[in-house]
Amino acid sequence: MPITRIAIGLPQHDILQSDALKAALAEFISTAIFVFAGEGSSMAFSKLTDDGSSTPAAIIMASLAHAFGLFVGVSTAANISGGHCNPAVTFGAFLGGNISLLRGILYWIAQLLGSTVACLLLKFSTHGMTTSAFALSSGVNVWNAFVFEIVMTFGLVYTVYATAIDPKKSEVGIIAPLAIGFVVGANILAGGAFEGASMNPAVSFGPALVSWDWTNHWVYWAGPLIGGGLAGIVYDLFFITYSHEPVPSSEL
């Protein structure tokens, strides 16, 4: 059971050690890169359309920007911190017993700071444009959005486990950043028109803080954390085996 491998960690190892601080810095930079590209694409669309209403082109633009940005973010941090760039991914890894609580909290702080700094830089470099917080579309209630976020984040964290965390991922691990970026882009195409398709509390936090708009903000925390946690438990419970059996030669 993954729950039996949950670890609190030790401050001197999981927070104060130089490797832990380097990992946190990597999460900060990679999350900032990701959020700057994703949130920046929305602001660019507003600039190009003189704050016009959202269109299918806006959803496609956001999907591509988030997919490309996350691909880069995960790739640049993968060998340092694991390339989470998302508190929901970190939470799923924690529930699966793949990161300690203290290291996870350190990652969360770095991710939230990275998102906030990215939004502040966007606000400054666009001469004060609004970093719009995630919001529900007309006809969509909080429970619709809540389920959307759970399902989409489950798919995201399940993909992270399958391509990046699973010790038997073999060659699939090479395409992990691409697969992770693709699933986020695909989910934005599916859910973006309804409630923004965050799948990432850090992505929601930065714009909400900088614009000081917390309307329905809890949805963009609770949904991703539940979806990511479920994915971590399900994948670790049913698909990861911890044994001393040799890996098949085809996977070496």
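Please read these numbers as outputs of a predicted model, since none were measured by experiment.
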Given side chains that start at C-beta, do those of [X] and [Y] come closer than 4.5 Å, heavy atoms only?
X: V203; Y: S115; value: no
X: M129; Y: K123; value: no
X: L136; Y: N141; value: no
X: I240; Y: P167; value: yes
X: F71; Y: F182; value: no
X: V140; Y: F148; value: no
X: L106; Y: D14; value: no
X: F205; Y: T116; value: yes

For the residue pair [X] and [Y], confirm or rule out a side-chain donor-acceptor distance under 3.5 Å.
X: Y161; Y: D236; answer: no
X: T31; Y: Q111; answer: no
X: T215; Y: D213; answer: yes
X: T131; Y: S211; answer: no

Carefully, step by step, assess F34 and H66 under the rule side-chain contact (heavy atoms from CB on, under 4.5 Å).
CA-CA 7 Å; F34 172 44; H66 282 84; 3.8 Å; yes
Hydrophobic clustering (ILVMFWY, side-chain heavy atoms < 4.5 Å, transitive) - are [Y] and [X] grouped together?
X: V151; Y: V234; result: no
X: F194; Y: M152; result: yes
X: F239; Y: V89; result: yes
X: I15; Y: I80; result: no
X: V117; Y: L112; result: yes

Could you please spell out the steps behind the side-chain contact (heavy atoms from CB on, under 4.5 Å) verdict for C119 and V35?
CA-CA 7 Å; C119 290; V35 173; 4.0 Å; yes
Working to the nearest 0.5 Å, report the span between [atom1] of [X] and [atom2] of [Y].
X: N98; Y: H84; atom1: CG; atom2: NE2; value: 8.5 Å
X: I180; Y: N86; atom1: CD1; atom2: CG; value: 10.0 Å
X: Y220; Y: L225; atom1: OH; atom2: CG; value: 14.5 Å
X: N187; Y: S198; atom1: CG; atom2: OG; value: 11.0 Å
X: F68; Y: L70; atom1: CZ; atom2: CG; value: 12.0 Å
X: I105; Y: I99; atom1: CD1; atom2: CD1; value: 10.5 Å

So which atom in [X] and which in [Y] form the shortest heavy-atom distance, rounded to 0.1 Å?
X: P201; Y: P224; answer: CD-CB, 3.8 Å
X: L21; Y: L16; answer: CD1-O, 4.0 Å
X: E27; Y: A77; answer: OE2-CB, 4.4 Å
X: G73; Y: S30; answer: O-OG, 3.0 Å
X: R103; Y: A23; answer: NH1-CB, 4.3 Å
X: S41; Y: A62; answer: OG-CA, 3.8 Å

Using a 3.5 Å distance criterion without hydrogens, assess whether the side chain of Q17 forms a donor-acceptor pair with backbone atoms of D19.
no
Donor-acceptor pair, T130 side chain versus S132 backbone, under 3.5 Å?
no
When you look at M199 and V184, which way does the side-chain contact (heavy atoms from CB on, under 4.5 Å) test go after all the steps?
CA-CA 8 Å; M199 300 165 275; V184 166; 3.9 Å; yes
Hey, mind stepping through W221 and W214 against ring pair (Phe, Tyr, Trp, His ring centres under 6.0 Å) and telling me if it holds?
CA-CA 12 Å; W221 276 86; W214 303 99; 9.4 Å; no
Evaluate V142 against W218 for side-chain contact (heavy atoms from CB on, under 4.5 Å), listing each step before the verdict.
CA-CA 9 Å; V142 292; W218 69 269; 4.1 Å; yes
Return the orientation label for the Y235 and Y158 ring planes: parallel under 30°, perpendicular over 60°, tilted otherwise.
perpendicular
